[in-house]
Amino acid sequence: MFLNDDFLLTTPMAKKLFHNHAKNMPIVDYHCHLSPQEILEDGNFATITEAWLGGNNYGDHYKWRLMRTNGVPESLITGDGADFDKFYAWAGTLEKALGNPLYVWAHLELKRFFGIDTVISRATAREIYDAANLLLATPAFSRRSLIKGMNVKVVVTTDDPADDLHVHEVLKAESAFKVLPAFRPDKSLNIDQAGYAAYIATLGTAAGVSITAFADIVEALTQRVDFFHTMGGRLSDHALDIVVYEEATPAELDTIVTTALSGGTLTATEIAQYRTALLKALMRIYSAKDWTMQYHIHAMRNINDPGFARMGADTGYDAINDRNIAEPLAKLFNAMESEDAVPRTIIFSLNPNDYLPLITLMASYQKDVVQKLQLGNAWWHNDTRNGMRLQLSTFAEESLLSNFVGMLTDSRSFLSYPRHEYFRRILCELIGEWVELGEVPDDEAILGQMVEDISYNNANTYFGF
């Protein structure tokens, strides 16, 4: 039966592990793109279309890509089409999406949030649309209520270093769950991108630092990390995409910064030198603060120039990159280990071929802290049953899966939390198979503790929440 209580739970032990251990564990969503402002305002979505496909300030490019693949016109994806027409187009796309995780996620969200068991199709679109919209208009379906209803204890948003975090200050009064900022310094690292000089001026103003040289940038970022720390921040996050490593002298770095701030052109080597030096400086800062650093690597972003020009970033025009990362990452971590300044680190790669190189590389720098360096969960295009099983199996075979900090949503959607259930079912499915094969003991107490730890306990401890 579709999405019954035991879906994906193919063994007796899998069923025990999920229902007795994983199912009711709280959620720590330690990386997402929810808007803190929307959490604060606590408004209701006007329609299920807004909740699923997006509003004025955000959208779900996972869904947009599928709709474009199904030939849906842009007016019914991100354009000015009527909300029901967009929902109808999305329902028609889902009819073709059997086997895609979005098919499961969409139905799980209907079931868990709205109590709707109806299979989504064009024939049922109006029924579902009207029933969901009636519920969305009630107080129990405000932004914060949606989070509370999923037993979420911590939400970590993605925030620019120059942000004043006023919204986070106000949200401290929220008692049902914590909303904490994560430090995302991408704009300070992207010295080759338009707007860099203007952004550095903004950063300097926020930090109270006049920036004319490389050391000034480091000082400004140090000041902002200190501020984020006072606001409960304990994580940084980097869209690193590609990894480079080039050493530079202080004089060379100052020349690079001066050139960039004056609008000059930098060579590929100079860009790599700057990014290397700033990553090293940030790792020192994070290590001193006992923060966790997250690297999201190997997204090949905005590869459709007309689409990017029309829509901007994070709108569905991204893919998986396949460049080399092991050697430059090893150089970076080796340099910082020489200073005893490797922070807690989680590395996510969009390319699953990187899993073995990454986890074996990280094993060379483990010390002092339980699973100090971790292979991040299956991310973005790998958020599938097979993708999650591969990441979990690789983690188990090359390290200590029992220490894993588990799932995150990485989402802009307030309805994305059933993805944690999907992950937990897959985790229990995999462990149950190990029991059937005789690879692990048929002991619910041992395995149940492992599942509870991966589902919630490890993240709560690792990040110091």
Side-chain angles (χ1 to χ4, degrees), residues 3 5 7-9 17-36 38-39 42 51 60 62 101 104-114 140-158 168 171 174-182 232-235 237 292 294 346 348 374 376-380 383 388 391-392 401-429 431 448-465:
L3 293 190
D5 286 347
F7 86 92
L8 293 179
L9 307 176
L17 293 177
F18 180 76
H19 293 298
N20 299 342
H21 300 278
K23 182 178 180 179
N24 294 317
M25 294 300 290
I27 290 173
V28 171
D29 196 20
Y30 59 90
H31 173 66
C32 75
H33 296 277
L34 294 183
S35 162
E38 288 190 36
I39 297 174
D42 198 27
D60 191 341
Y62 287 46
V104 176
W105 294 350
H107 285 91
L108 266 184
E109 289 169 18
L110 277 186
K111 193 178 181 77
R112 298 297 179 247
F113 284 106
F114 302 96
F141 282 78
S142 70
R143 297 313 204 258
R144 288 195 228 180
S145 295
L146 292 172
I147 295 172
K148 294 172 188 175
M150 287 290 107
N151 198 18
V152 179
K153 297 303 181 186
V154 182
V155 175
V156 181
T157 59
T158 304
H168 282 274
L171 281 171
E174 170 61 62
S175 59
F177 57 90
K178 293 181 180 180
V179 183
L180 302 176
R234 296 296 182 269
L235 292 89
D237 182 65
T292 297
Q294 299 174 94
I346 305 175
F348 308 80
Q374 302 221 1
N377 68 285
W379 167 46
W380 199 345
D383 252 346
M388 291 182 186
Q391 187 271 348
L392 290 166
L401 181 61
S402 294
N403 295 332
F404 181 35
V405 293
M407 181 63 173
L408 50 82
T409 61
D410 189 30
S411 176
R412 291 166 176 79
S413 171
F414 282 80
L415 299 182
S416 64
Y417 287 106
R419 297 180 195 180
H420 282 261
E421 176 185 341
Y422 187 61
F423 166 81
R424 291 174 184 184
R425 286 179 179 272
I426 291 165
L427 172 66
C428 295
E429 175 196 29
I431 296 173
Q449 186 63 60
M450 176 183 182
V451 166
E452 291 179 14
D453 288 345
I454 295 171
S455 297
Y456 172 73
N457 297 330
N458 289 344
N460 211 37
T461 301
Y462 184 82
F463 299 119
F465 295 146

For [X], enumerate each residue passing the ring pair (Phe, Tyr, Trp, His ring centres under 6.0 Å) test, keeping only those at least two apart in sequence or located in another chain.
| X | value |
| --- | --- |
| His31 | His33, His296 |
| Tyr456 | none |
| Phe177 | none |

Using the test salt bridge (Lys or Arg N to Asp or Glu O under 4.0 Å), find all partners of [X] that sit at least two apart in sequence or belong to another chain.
| X | value |
| --- | --- |
| Asp29 | none |
| Arg424 | none |
| Arg144 | Glu174 |

Spacing of [atom1] belonging to [X] relative to [atom2] belonging to [Y], to within rounding of 0.5 Å:
| X | Y | atom1 | atom2 | answer |
| --- | --- | --- | --- | --- |
| Arg112 | Trp105 | CZ | CH2 | 15.5 Å |
| Ile454 | Leu427 | CD1 | CG | 5.0 Å |
| Leu408 | Ile346 | CG | CD1 | 8.0 Å |
| His420 | Leu108 | NE2 | CG | 13.0 Å |
| Asp60 | Leu415 | CG | CG | 10.0 Å |

(request) Tell me, please, which residues at least two apart from Asn403 pass side chain to side chain contact (heavy atoms under 4.5 Å, CB included). (result) Val370, Gln371, Leu400
Closest heavy-atom contact between [X] and [Y]?
| X | Y | value |
| --- | --- | --- |
| Phe465 | Lys178 | O-NZ, 2.8 Å |
| Phe423 | Gly406 | CZ-CA, 4.2 Å |
| Cys428 | Leu9 | CB-CD2, 4.1 Å |
| Glu109 | Ser416 | OE2-CA, 3.9 Å |
| Leu34 | Thr157 | O-CG2, 3.6 Å |

(request) Tell me, with the steps shown, if Phe18 and Glu429 meet side-chain contact (heavy atoms from CB on, under 4.5 Å). (result) CA-CA 9 Å; Phe18 180 76; Glu429 175 196 29; over 6 Å; no
Who pairs with [X] by side chain to side chain donor-acceptor pair (under 3.5 Å), at least two apart in sequence or on another chain?
| X | answer |
| --- | --- |
| His107 | none |
| Trp379 | Asp410 |
| Ser145 | Ser142 |
| Lys111 | Asp117 |

Less than 4.5 Å apart, any side-chain heavy atom of [X] and any of [Y]?
| X | Y | result |
| --- | --- | --- |
| Leu17 | Met450 | no |
| Phe404 | Leu392 | yes |
| Leu180 | His168 | no |
| Asp383 | Met407 | yes |
| Arg234 | Val156 | no |
| Ser402 | Asp453 | no |
| Asn377 | Met388 | no |

(message) Suppose we call two aromatic rings close when their centres sit under 6.0 Å apart. Are Phe114 and Phe141 close by that rule?
(response) yes
(request) Applying side-chain contact (heavy atoms from CB on, under 4.5 Å), run through Leu8 and Tyr422 and close with a yes or a no. (result) CA-CA 9 Å; Leu8 293 179; Tyr422 187 61; 3.9 Å; yes
(request) Hey, can you tell me if Phe463 and Tyr30 have their rings parallel, tilted or perpendicular (30° and 60° cut-offs)? (result) tilted
(request) Identify whether the distance between the nearest side-chain nitrogen and carboxylate oxygen of Glu421 and Arg425 falls below 4.0 Å. (result) yes
In a table with atom names and distances, give each donor-acceptor pair under 3.5 Å that connects a side chain of residues 21-28 to protein atoms at least two apart or in another chain.
| residue | atom | partner | partner atom | Å |
| --- | --- | --- | --- | --- |
| His21 | ND1 | Glu452 | OE2 | 2.8 |
| His21 | NE2 | Glu444 | OE2 | 2.9 |

(message) Against the six-membered ring of Phe414, is Arg143 placed for a cation-pi contact (under 6.0 Å from the centre, within 45° of the normal)?
(response) yes
